[in-house]
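A short worksheet on the structure shown next.
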Amino acid sequence: MSRLVIVSNRVAAITEGKPLAGGLAVGVYDALKEKGGIWFGWSGDIVDALPAAPDSRQEGKVTFCTVGLTRRDYDQYYRGFSNATLWPTFHYRDDLSRFERKEYAGYRRVNAWLAETLKPLLQPDDLIWVHDYHLLPFGEACRAAGLRNRIGFFLHIPFPSAQVLMTVPPHQELVKAMCAYDLVGFQTEPDRTAFTDYLVRNAGGQIDADGLVHAHGQTLRTGVYPIGIYPDEILAQAEMQANRRHILNLKQGLQNRKLIMSVDRLDYSKGMLERFRAFERLLEMAPNHQGHVSFIQVAPPSRSDVQNYQTIRRQLETEAGHINGRFSDLAWTPLRYINKRYERHVLMSLFRASQVGFVTPLRDGMNLVAKEYVAAQPPEDPGVLVLSCFAGAAQELQGALIVNPYDIDGMAEALNQALAMPREARQERYQNMMRSLRENNLSQWRDRFLHDLRADAARTPYLLSAATTLP
Ligand code: ADQ
């Protein structure tokens with residue numbers, strides 16, 4: 001059986017026996033543990049000079065191989081092109097995107113260097129699985145380095161429609177580079193369609209009867225693999241004894257008030273500003289909730305050295321101050337805005353203690369918080385999920401109250417409906433969603449992707465003629 005090689009921008013800090021961070025890290029690590037293999041990527045460190053070889057650490061059958069990046073690489077590849085160009089554009093915020101040729105050159109350079117650095121660690125039949133937007137051209141760089149392995153790519157964030165993608169000046173090169181993968185996976189069908197539409201309409205691509213895409217002289221498969229969670233593990237985490245103290249503190253503060261709960265990385269794509277305004281609108285339009293409902297938004301800062309992230313943080317602080325100034329009284333603070341990271345089990349118990357999960361990104365590849373919220377609920381008295389139609393998760397979680405995050409009144413109405421929903425209706429919605437979470441859990445996501453990547457091995461190997469010139 002071939003080894004699995006995972007390549008992602010960051011390598012999760014995993015130590016056997018210690019609790020796992022959750023999400024993607026768990027799913028991928030499980031697969032590596034079973035089959036044996038390598039997890040390769042950036043260590044998160046800034047170094048003076050690029051290392052000649054990666055640092056490696058063994059954990060059972062898994063080898064973690066990490067490299068540092070220089071300040072210039074970090075600024076151009078990570079902070080620049082990945083997070084100031086691709087991230088906003090792929091989340092349909094081309095208004096926030098900026099493009100610098102220098103940064104794009106750095107992005108390509110780091111991808112090429114990472115491919116060259118991985119090459120000596122590989123065996124010919126290793127299966128390579130590359131993750132996310134930092135590494136769109138990594139597959140092409142591997143081909144240019146002479147690698148013939150099967151290489152699959154999974155995009156965790158949305159793939160934008162052509163007109164939006166075309167605001168990134170090197171869009172043609174980027175999409176061409178993606179065609180060097182054997183399999184390209186997306187979270188939802190609209191993402192996959194946006195990619196294939198671009199290829200067909202803008203790159204002379206063709207899709208054959210088997211669904212294979214022929215473009216830029218390559219043949220590749222595309223697929224939809226919505227990432228899942230392990231719902232029963234989350235339920236168990238939410239019920240852990242270790243949460244007792246936190247829940248007692250929370251209940252003391254709430255004094256029998258209902259709780260609306262939101263948890264996100266502090267990111268402008270998550271729609272927090274609109275969410276705060278919807279909560280304010282709820283208090284205006286249904287004053288009976290004043291003094292009886294609290295809203296907790298947990299949002300640990302991320303990418304705080306990117307300008308747009310500093311801006312959204314300031315806006316949220318202003319908005320939270322405004323709402324609390326307007327509605328608070330001596331005994332009640334309507335909105336608690338917390339910039340802290342919590343341990344997973346604590347977070348799950350907070351979900352469990354709340355009556356509404358308020359998850360309204362303006363755009364999101366999937367959104368695991370929405371799934372975690374549902375899985376953490378007590379089956380006998382579950383809370384209600386209010387979910388954005390622009391989260392990938394909305395395709396599966398039909399039992400949620402689906403809202404448009406640009407419609408502040410609509411979100412306020414949905415909160416009102418959720419807070420008043422009878423237990424039976426809540427249970428029915430919950431059971432419907434739990435069924436789909438169990439049917440498509442994290443291991444199914446991973447196994448389906450790897451199955452398709454392996455299955456394709458029977459097909460014509462990558463066409464070298466179309467690759468970037470071999471060294
Ligand atoms: P993210 O944009 O990071 O992921 P999301 O899917 O919601 O978004 O995952 C966030 C994870 O971090 C969740 O597991 C959540 O529990 C955890 N988390 C958030 N805030 C936390 C806090 N304060 N303390 C502790 N943990 C916290 C990207 C894409 C998504 C896609 C995922 C996976 O943007 O669309 O769903 O990858 O593919």
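Hydrogens, waters and symmetry mates play no part in the numbers below; they use all other heavy atoms, side chains included. Counting starts at 1 for both ligands and their atoms, following the listed order.
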Do the ring centers of [X] and [Y] come within less than 6.0 Å of each other?
{"X": "F64", "Y": "F40", "result": "no"}
{"X": "F449", "Y": "H451", "result": "no"}
{"X": "W42", "Y": "Y78", "result": "yes"}

Would you call the rings of Y104 and Y107 parallel, tilted or perpendicular if under 30° counts as parallel and over 60° as perpendicular?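 Answer is parallel, since the angle falls under 30°.
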
Tell me whether the rings of W87 and Y133 are parallel (<30°), tilted (30 to 60°) or perpendicular (>60°).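 Rings of W87 and Y133: tilted, as their planes differ by 30° to 60°.
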
Which part of [X] is near ligand 1, with near meaning a heavy atom under 4.0 Å away: side chain, backbone, both or neither?
{"X": "D267", "result": "neither"}
{"X": "H131", "result": "neither"}
{"X": "K340", "result": "backbone"}
{"X": "N367", "result": "both"}
{"X": "I227", "result": "side chain"}

With a 4.0 Å cut-off, would you call [X] and [Y] a salt bridge?
{"X": "E189", "Y": "R192", "answer": "yes"}
{"X": "R221", "Y": "D452", "answer": "no"}
{"X": "R352", "Y": "E372", "answer": "no"}
{"X": "K35", "Y": "D126", "answer": "no"}
{"X": "E317", "Y": "R313", "answer": "yes"}

Out of all atoms in ligand 1, which are within 4.0 Å of some heavy atom of [X]? Include the element for each.
{"X": "R265", "result": "1 (P), 2 (O), 3 (O)"}
{"X": "R344", "result": "14 (O), 16 (O)"}
{"X": "V298", "result": "23 (N)"}
{"X": "Q187", "result": "31 (C), 38 (O)"}
{"X": "R341", "result": "22 (C), 23 (N), 24 (N), 25 (C), 26 (N), 27 (C)"}
{"X": "V263", "result": "19 (C), 20 (N), 21 (C)"}
{"X": "V369", "result": "7 (O), 15 (C)"}

Nearest candidate to [atom], where distance is taken over non-hydrogen atoms, out of [options]:
{"atom": "atom 22 (C) of ligand 1", "options": "P300, G365, A391", "answer": "P300"}
{"atom": "atom 8 (O) of ligand 1", "options": "R363, M366, K270", "answer": "K270"}
{"atom": "atom 27 (C) of ligand 1", "options": "L266, L347, D364", "answer": "L347"}

Donor-acceptor contacts, no H, no angles, side chain residues 381-394, under 3.5 Å, sequence neighbours left out:
unit_1	atom_1	unit_2	atom_2	d
D381	OD1	R426	NH1	2.7
D381	OD1	R426	NH2	3.4
S388	OG	P361	O	2.7
S388	OG	F390	N	2.8

Heavy-atom contact check, 4.0 Å cutoff: does W87 meet ligand 1?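 Per 4.0 Å heavy-atom rule, W87 contacts ligand 1.
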
Considering distance alone, does some N or O of L368 sit under 3.5 Å from an N or O of ligand 1?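 Yes, since at least one N or O of L368 sits under 3.5 Å from an N or O of ligand 1.
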
